[in-house]
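Okay, structure first, notes after.
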Protein chains: 2
Amino acid sequence: MSTPVQRRRASISDVARLAEVSVGTVSNVLNRPDRVSPATRDRVLGAIEDLAFVPNGSARQLRAGTITTAGAIVLDVANPFFTDVARGIEDRLTQDDFTVMLASSDEDPAREARYLRLFEEHGVQGVMVVPSTSDIEHLLTVRRRGIAVVLLDRPSPVESLSSVAVDDVAGGEMAVQHLLELGHERIAFLNGPHSIRQCADRWTGAVRAVTAAGLDPADALVEVTIPSLNADGGEQGTRELLAMDRVPTATFCINDLTALGALRTLRAEGVSVPHGMAVVGYDDVSFAAELSTPLTSVRQPTHQLGFRAADLLLAPADAPAEQITFQPELVVRTSSTGLDPA
Amino acid sequence: MSTPVQRRRASISDVARLAEVSVGTVSNVLNRPDRVSPATRDRVLGAIEDLAFVPNGSARQLRAGTITTAGAIVLDVANPFFTDVARGIEDRLTQDDFTVMLASSDEDPAREARYLRLFEEHGVQGVMVVPSTSDIEHLLTVRRRGIAVVLLDRPSPVESLSSVAVDDVAGGEMAVQHLLELGHERIAFLNGPHSIRQCADRWTGAVRAVTAAGLDPADALVEVTIPSLNADGGEQGTRELLAMDRVPTATFCINDLTALGALRTLRAEGVSVPHGMAVVGYDDVSFAAELSTPLTSVRQPTHQLGFRAADLLLAPADAPAEQITFQPELVVRTSSTGLDPA
DNA sequence: ACCTCACTGTGAATCGGTTCATATACGATG
DNA sequence: CATCGTATATGAACCGATTCACAGTGAGGT
């Protein structure tokens, strides 16, 4: 015998009928049990049990107007950086009995818009978004409709929007400065499109470091734009790099996944790291220290990032927007210095 | 000036009033534009624009009864194995214009139940679940209420439930058999609780391999139960292992994250891999090949797993349930053989 | 001039809950 | 014994969309 499937979900009035009470009473049992006499309550609970009744969230929400759910849109759920952030979000929201719907935009503005709309239609309390484009007008529109919006991993350009970010200019600067101090004079930057703010900012930081060292960015920095910010992107970028006339001696990667792809390719091509090519990543993901060549990387407070973002989302609607910026930290390992970190 | 926030979301009747038509007409513009004259349609669209109207999903869904959303509950979103699976799910659902809500249960049945209920209340079309306990009665209950349920990474014990899984007994067996062939006679297994099916099955496979080799499992296999299936769990388990009287010569880890923690700890304690301790992981995550000691691991078709699960979820409600099982594959690297995989 | 039919648009019923003004019963109080 | 307050239960209005039976309009056919 296969499991029988119910014809229709039981509704509150089915429960009321079975328990021989009014629908109002059933609703009271659900939401204010103390106002119902124990005898009636038990009868209603029995009926709920018998019918396997699950309240219809849409109906409840339609009447109540709001739900304890928030949405989060990140660029890529397969990137440990974003899942760590998501983890921070979840940890904070759980404290207030909120739940999170997680989605990834794949750096595609259309997908981002689609999820944003889905969340809005379902009446989420707020959304946390890592924007996939520099244009945030659509987010302001959502904000104006009364939905909390927190920019993730990207400072807000306007005061009215809350944001939680890490200083990416500083991060880019410290990474490149580190490579310059090691004597590199021609540094590649495997970067994503500048429409993604993090990419633009880290580039700015890189240029600043080079300029501060008295070098000409046009000569000392080689930007390679990769199609996707993951290991495959890193592989493609690295191949492009190795085919150049004047191959750089160091590579700064927009994130550790990209660096992973770079390391993989360099090894396949027989280029030693860091002597043939120094590599610096970004994010300091959990496995960065355990790679064949432990990876120098820029660490960001991922969990904090998500946690604080959720904090801001839960703030009262009339609280002023807040822009939080964390500072990154360079973690030096073998992939740049050649020294065993030990 | 801060961004003004609207008092109340515009509703379809606000639009109707402004456009001087009935609510039915507005609804038609939204859902069957061809039945409305161009002039009226434009007037309505103008009003929608002016009011920044976004239809209320709850109301729509309440009336329509169903939505194009599915839920997925995995053990841990921070584990690349599950995010790769999630990726497969998303890729399939996107084809049918479905969206996914992703949540992680943290191996906690209470959290799993909470998300399950949340999804159900919101009327998802179906859910894909990696169960955090061997008891799946609650999932059958959900199924009986007419919601599609697909077991993820775990074969269904009953015919009426669809499932997509990998043969974990075979996976456990091939991993341990590999270690036995290398001459190890005392093998540790850093495992999670047997209430998680994958853990129980891989254990069964391990025992089978040992028995087939003519050894006594009670002596040749040392099971260490770790508190969480991640790097921290691997670290704790490894420390426990190293403190034993007869320290095993090889360790089989329940997943690559755990193996990562094991490798980290072994290095910190000065134990060489594989000569002091051979290590085999499970999942073959993206970075397994790039670790300081490239990790021997059992590969699973992650993306396929998610993709097919989503496939089954989208199957017509009256289609028979289906149980799909994939075969795992051992990927041998340095962490067990000591040989450079080249 | 009359009948059909396609095309548009209307407005009320409906989905399943929550909420609140109102009704009833009953013990306590003066 | 009349009055009051408390505890409990009721049922109708409402949230915002979809849907459908029905009505009005005008072109085309006879």
Side-chain angles (χ1 to χ4, degrees), chain A residues 6-45 47-48 51-68 117-118 120-124 145-146, chain B residues 6-45 47-48 51-69 117-118 120-124 145-147:
Chain A
Q6 247 174 241
R7 192 182 325 274
R8 197 177 55 84
R9 272 173 80 164
S11 79
I12 199 172
S13 56
D14 297 325
V15 174
R17 201 172 312 123
L18 183 60
E20 297 180 303
V21 295
S22 72
V23 293
T25 301
V26 177
S27 177
N28 280 334
V29 169
L30 257 30
N31 304 298
R32 307 189 212 68
D34 48 305
R35 292 199 197 163
V36 181
S37 75
T40 314
R41 194 191 311 154
D42 289 348
R43 201 145 35 86
V44 172
L45 290 175
I48 288 177
L51 295 172
F53 167 72
V54 175
N56 181 320
S58 306
R60 169 180 303 196
Q61 186 186 333
L62 173 58
R63 186 63 235 257
T66 165
I67 47 170
T68 55
R117 189 183 170 93
L118 180 83
E120 186 171 3
E121 286 187 358
H122 281 72
V124 297
R145 295 201 199 104
Chain B
Q6 246 172 244
R7 194 183 323 275
R8 197 177 57 82
R9 273 173 78 166
S11 80
I12 199 172
S13 56
D14 296 326
V15 174
R17 201 173 312 123
L18 183 60
E20 298 178 304
V21 296
S22 73
V23 293
T25 301
V26 178
S27 178
N28 279 334
V29 168
L30 258 29
N31 303 299
R32 307 187 211 66
D34 48 306
R35 292 201 196 162
V36 181
S37 73
T40 314
R41 195 192 310 154
D42 289 348
R43 201 145 36 87
V44 172
L45 290 175
I48 288 177
L51 295 170
F53 166 72
V54 175
N56 182 322
S58 305
R60 172 185 307 218
Q61 185 184 336
L62 173 59
R63 187 61 235 261
T66 164
I67 46 170
T68 54
T69 297
R117 189 184 170 92
L118 180 83
E120 186 171 2
E121 287 187 358
H122 282 72
V124 296
R145 296 200 198 103
I147 293 172

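Partner of A/Ser58 under the side-chain hydrogen bond (donor to acceptor under 3.5 Å, both in side chains) criterion, out of B/Gln61, B/His122, B/Glu121, B/Arg63: B/Gln61 alone. The one candidate from B/Ile12, B/Val44, B/Asp14 that meets the side chain to side chain contact (heavy atoms under 4.5 Å, CB included) condition with B/Phe53 is B/Ile12.
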Checking side-chain contact (heavy atoms from CB on, under 4.5 Å) for the pair B/Ser27/B/Leu30: CA distance, chi angles, key distance, verdict?
-> CA-CA 5 Å; B/Ser27 178; B/Leu30 258 29; 5.5 Å; no

Determine, stepwise, if the pair B/Arg60 / B/Asn31 fulfils side-chain contact (heavy atoms from CB on, under 4.5 Å).
-> CA-CA 11 Å; B/Arg60 172 185 307 218; B/Asn31 303 299; 4.3 Å; yes

Please lay out, stage by stage, how A/Val15 and A/Val29 fare under the test side-chain contact (heavy atoms from CB on, under 4.5 Å).
-> CA-CA 11 Å; A/Val15 174; A/Val29 169; over 6 Å; no

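B/Glu120 approaches A/Arg9 most closely through the heavy-atom pair O-NH1, 3.2 Å. Shortest non-hydrogen contact noted between B/Arg117 and A/Pro55 is NH2-CD, 3.4 Å. Between A/Leu62 and B/Ala59, the shortest heavy-atom distance links the atoms CD1-CB, 3.8 Å.
Heavy-atom nearest nucleotides on DNA chain C were determined for B/Ser22 and for B/Ala59, and the one closer to the 5' end corresponds to B/Ser22. The residue among A/Val23 and B/Val23 whose nearest nucleotide of DNA chain D is located toward the 5' end is A/Val23.
Axis orientation changes by 50° from one end of the helix from C/dA1-D/dT30 to C/dG30-D/dC1 to the other, with each end axis drawn from 5 pairs and the value rounded to 10°.
Close approach of DNA chain D to chain A, defined as any atom under 4.0 Å from a non-hydrogen atom of the protein, starts and stops at D/dT8 to D/dG16.
For the segment residues 37-44 of chain A, the set of residues with a heavy atom within less than 4.0 Å of an atom of DNA chain D comprises A/Ser37, A/Thr40, in numerical order.
Between B/Arg17 atom CZ and C/dT10 atom P the separation is 14 Å, expressed in whole Å. For the pair A/Asn28 CG and C/dT18 P, the computed distance is 9 Å after rounding to whole Å. Atom NE2 of B/His122 is separated from atom P of C/dG17 by 13 Å (rounded to the nearest Å). When the P atom of C/dT18 is taken as reference, atom CZ of A/Arg32 falls 9 Å away, rounded to whole Å.
For A/Asn56 and C/dC15, the shortest distance from a side-chain N or O to OP1 or OP2 is not below 4.0 Å. Within the structure, a side-chain polar atom (N or O) of B/Thr25 is placed less than 4.0 Å from OP1 or OP2 of C/dT10. Here B/Arg35 does not reach the OP1 or OP2 of C/dT8: none of its side-chain N or O atoms lies under 4.0 Å away.
Relative to the side chain of A/Leu30, the nucleotides C/dT19, C/dG16, C/dT18 differ in distance, and C/dT18 lies closest. Of the candidates C/dT10, C/dA12, C/dT18, C/dT18 carries the atom nearest the A/Ile12 side chain, counting heavy atoms from C-beta on. Minimum atom distance to the side chain of B/Arg63 is reached by C/dA13, of the listed C/dA13, C/dT18, C/dG9.
If you check every strand for non-hydrogen atoms under 4.0 Å, B/Val21 touches sugar and phosphate atoms only.
A/Val36 is not listed as a side-chain neighbour of A/Val21, based on a closest heavy-atom distance of 4.5 Å or more.
The CG atom of A/Leu51 sits 9.0 Å away from atom OG of A/Ser11, with the distance rounded to the nearest 0.5 Å. Atom CZ in A/Arg41 sits 7.5 Å away from atom CG in A/Asp34 (nearest 0.5 Å).
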